Amino acid sequence: MPGSLTQYFNGVDYLLCLPMLLLTLFAMGILLIDLMLPPEWKWSNAVTALVGVAFAAYGVHDIQRWFNSQGQLMGRLGFMGTLLIDRFAIYFFYLFLAGTAVAILMSVRYLDLERENHGEYYALLLFSVVGMMCMAAGFDIVLIFIGLELMAISTYVLVGFLRRDKRSNEAALKYMLLGAFSSGIFAYGLSLFYGITGSTNLQVIESRLSQRLAQSGGHADPILIVAMLTTATGLLFKIAAVPFHQWAPDAYEGAPTSVTGFMSVSVKAAGWAMLLRIFMFMMPALRPVYVPFLVFVSVATMTGANFAALTQSNLKRLLAYSSIAHVGYMLLGLIAGPKDSFNQDGIKGILIYLLVYTFMNLGAFAVIASLRHRNVIGDEIDDIAGLYKRAPVEAVLMLIFLLSLAGIPPLAGFWGKYFIFLSLVESGHYTLAALAVLYSVFGLYYYLRIANAMFMREPMEKESLPLSPAMGVALAVTAFVTVAIGIFPNAMIQTVNWVWGLTETSPLAHLIR
């Protein structure tokens, strides 16, 4: 039996999945060690999880070094062509690990206050990242779907982790039911593509779809349109685009705040990695068909989410609708360009947006998590009233994160919007660009509502808010990255250029460098 396995799998295959193997080993180790830990030592589970994330990051770096030594510039296929580790996957691997590390730091004190400090929490975080990595590196629809379900099932449990909280239980149930329904639609769409092309490999599917469209004169037949729509529905659910967003506000509000932050960045980034893999690697020939659909979804997402956010009094629900609105902006980057190709600055904008959003949104949720004390949950706008008088550092940091989310220079959030709006102007989508700018003003309004409560209102309680060392590190890291990228964007832009091998075609884009 071992001989037959080596016929299919070799050392390179196991090197390519080294980060996933390390995360799995540490997750299982946490489950075993947790049984022997007394309650006062439960914090060591977070340390173990952080060490696991660090080992996985080193594993990704090891793959990079191997690529450089072998001259593998475009990546390497492994596990019989089902796994593709390339620059795209490596970029998202680092993004997932960074978001997970900050989420772990946010969780230490928060779980203690909730009296739910259990090892399985951190194990589920690591298992979900393994699923995300399969989604980002999957080059076969079966592996992508397995990764999606591993991430989704882990996240369902994390949303309902506060077992004594009815809101958490209700949110987990809604999320699981809607998630299962969307996964079924997604699986149905993938099965149609398999039936049409006779393959589960993305490259083979792309080739046979191109041949099929060439034979029909470029006209997609009804079965292809159904396959595209059902697949897109499943993908858009995972990134919470309107009208497939119903799960997000309830799940964000009911989940532990540290899990909400993790879902809003890492889970969403995994959904985007999967969406870009499928749209750009499997369905580029269908671009003239799906772009009008994405235009409708993008406009509906920006409109619905921004208007809904205006009326929210719960911070987590407000940031949930804000997160949905940002999805609408990012979809514009996928739309930008001529009918038969993608715009470089649009794709660059999406990748930059995901990077900066990871830190600025996690920072905002870290501030909300720091408000949790005694019997105060801390996720209402009233709870943040007068925060500057009770915790001036957290209030200033929250203002930085909110202004970055609004896209105000010189903070990191400006650059994501800049490249997406630039791509729309370059490709002649002036109406969409104007609409996106208008909705950005809406976003600034409801972000300033939070700032007004922090700086202009009187606090409901006078006592100062304690800040744990781990939460302090999380806030410091997220604030530093948000400010540093905004002021010195060149390193981030070069990194994103490296991911796609993009060249600088815009004189304006060249000028800002």
Side-chain angles (χ1 to χ4, degrees), residues 98-110 113 252 256-262 264-266 314-316 318-320 322-323 326 353 355-373 376-416 443-444 446-457 459-461 463-489 492:
T100 306
V102 176
I104 291 169
L105 291 170
M106 291 169 54
S107 303
V108 181
R109 179 175 176 271
Y110 187 87
L113 290 171
Y252 280 35
T257 305
S258 53
V259 173
T260 305
F262 175 73
S264 71
V265 294
S266 295
N314 182 280
L315 283 171
K316 289 162 74 174
L318 190 153
L319 288 177
S322 157
S323 178
H326 286 290
Y353 218 121
L355 172 62
V356 300
Y357 187 76
T358 294
F359 291 96
M360 61 189 182
N361 210 52
L362 267 178
F365 278 109
V367 173
I368 296 173
S370 71
L371 299 177
R372 178 72 168 100
H373 68 289
V376 178
I377 296 176
D379 60 0
E380 297 290 333
I381 290 184
D382 288 339
D383 296 327
I384 211 171
L387 183 64
Y388 182 71
K389 296 180 180 179
R390 302 176 63 198
V393 174
E394 288 94 314
V396 171
L397 291 180
M398 186 65 163
L399 179 62
I400 290 173
F401 298 133
L402 293 173
L403 292 177
S404 183
L405 285 166
I408 303 298
L411 299 172
F414 166 76
W415 294 107
L444 180 61
Y446 54 74
Y447 292 133
L448 290 180
R449 278 185 60 209
I450 302 174
N452 177 70
M454 291 191 299
F455 289 92
M456 305 303 292
R457 291 175 55 182
M460 299 181 68
E461 297 184 23
E463 64 176 316
S464 60
L465 291 170
L467 188 66
S468 68
M471 188 68 78
V473 172
L475 286 170
V477 170
T478 51
F480 173 78
V481 175
T482 300
V483 174
I485 288 179
I487 299 174
F488 306 105
M492 172 193 64

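It should be emphasised that the depicted structure is a prediction, and the values quoted were computed from it without experimental measurement.
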Hey, can you pull the donor-acceptor pairs under 3.5 Å for the side chains in residues 397-413, sequence neighbours left out?
unit_1	atom_1	unit_2	atom_2	d
Ser404	OG	Gly413	N	2.9

Please round to the nearest 0.5 Å and tell me the distance separating atom [atom1] of [X] and atom [atom2] of [Y].
{"X": "Leu105", "Y": "Ser258", "atom1": "CG", "atom2": "OG", "value": "11.0 Å"}
{"X": "Ile381", "Y": "Asn314", "atom1": "CD1", "atom2": "CG", "value": "8.0 Å"}
{"X": "Ser322", "Y": "Leu315", "atom1": "OG", "atom2": "CG", "value": "11.5 Å"}
{"X": "Met360", "Y": "Leu355", "atom1": "CE", "atom2": "CG", "value": "9.5 Å"}
{"X": "Lys389", "Y": "Met454", "atom1": "NZ", "atom2": "CE", "value": "14.0 Å"}
{"X": "Tyr110", "Y": "Leu113", "atom1": "OH", "atom2": "CG", "value": "8.5 Å"}

Got [X] and [Y] here, is their nearest side-chain heavy-atom distance under 4.5 Å?
{"X": "Thr257", "Y": "Leu371", "value": "no"}
{"X": "Phe414", "Y": "Pro489", "value": "no"}
{"X": "Leu319", "Y": "Thr260", "value": "no"}

Next on the checklist: Using modelled atom types and a 3.5 Å cut-off, is there a donor and acceptor pairing between side-chain atoms of Tyr446 and backbone atoms of Leu318?
Outcome noted: no
Heavy-atom pair with the smallest gap, counting every atom of [X] and [Y]:
{"X": "Phe455", "Y": "Ala395", "result": "CZ-O, 3.8 Å"}
{"X": "Pro459", "Y": "Arg390", "result": "CB-CD, 3.7 Å"}
{"X": "Ser370", "Y": "Arg109", "result": "O-NH1, 4.2 Å"}

Checklist entry - Do any pairs count as a side chain to side chain donor-acceptor pair (under 3.5 Å) and have a residue in residues 355-368, sequence neighbours left out, and if so which ones? => result Ser264-Asn361, Ser323-Tyr357, Tyr357-Asn361
Exercise answer: donor-acceptor pairs, residues 478-487 side-chain atoms, under 3.5 Å, sequence neighbours excluded:
unit_1	atom_1	unit_2	atom_2	d
Thr478	OG1	Ala474	O	2.9
Thr478	OG1	Leu475	O	3.0
Thr482	OG1	Thr478	O	2.7

Checklist entry - For Tyr388, which residues count as a side-chain hydrogen bond (donor to acceptor under 3.5 Å, both in side chains) partner, sequence neighbours excluded? => result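 So Tyr388 forms no side-chain hydrogen bond (donor to acceptor under 3.5 Å, both in side chains) with any residue.
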Checklist entry - With sequence neighbours left out, what residues match Ala385 under side chain to side chain contact (heavy atoms under 4.5 Å, CB included)? => result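 Ala385: side chain to side chain contact (heavy atoms under 4.5 Å, CB included) contacts with Arg457.
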Next on the checklist: Test of understanding: with ring-ring contact (aromatic ring centres under 6.0 Å, His included), list the residues that count as partners of Tyr353, not counting sequence neighbours.
Outcome noted: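 For Tyr353, the residues satisfying ring-ring contact (aromatic ring centres under 6.0 Å, His included) (neighbours in sequence not counted) are His326.
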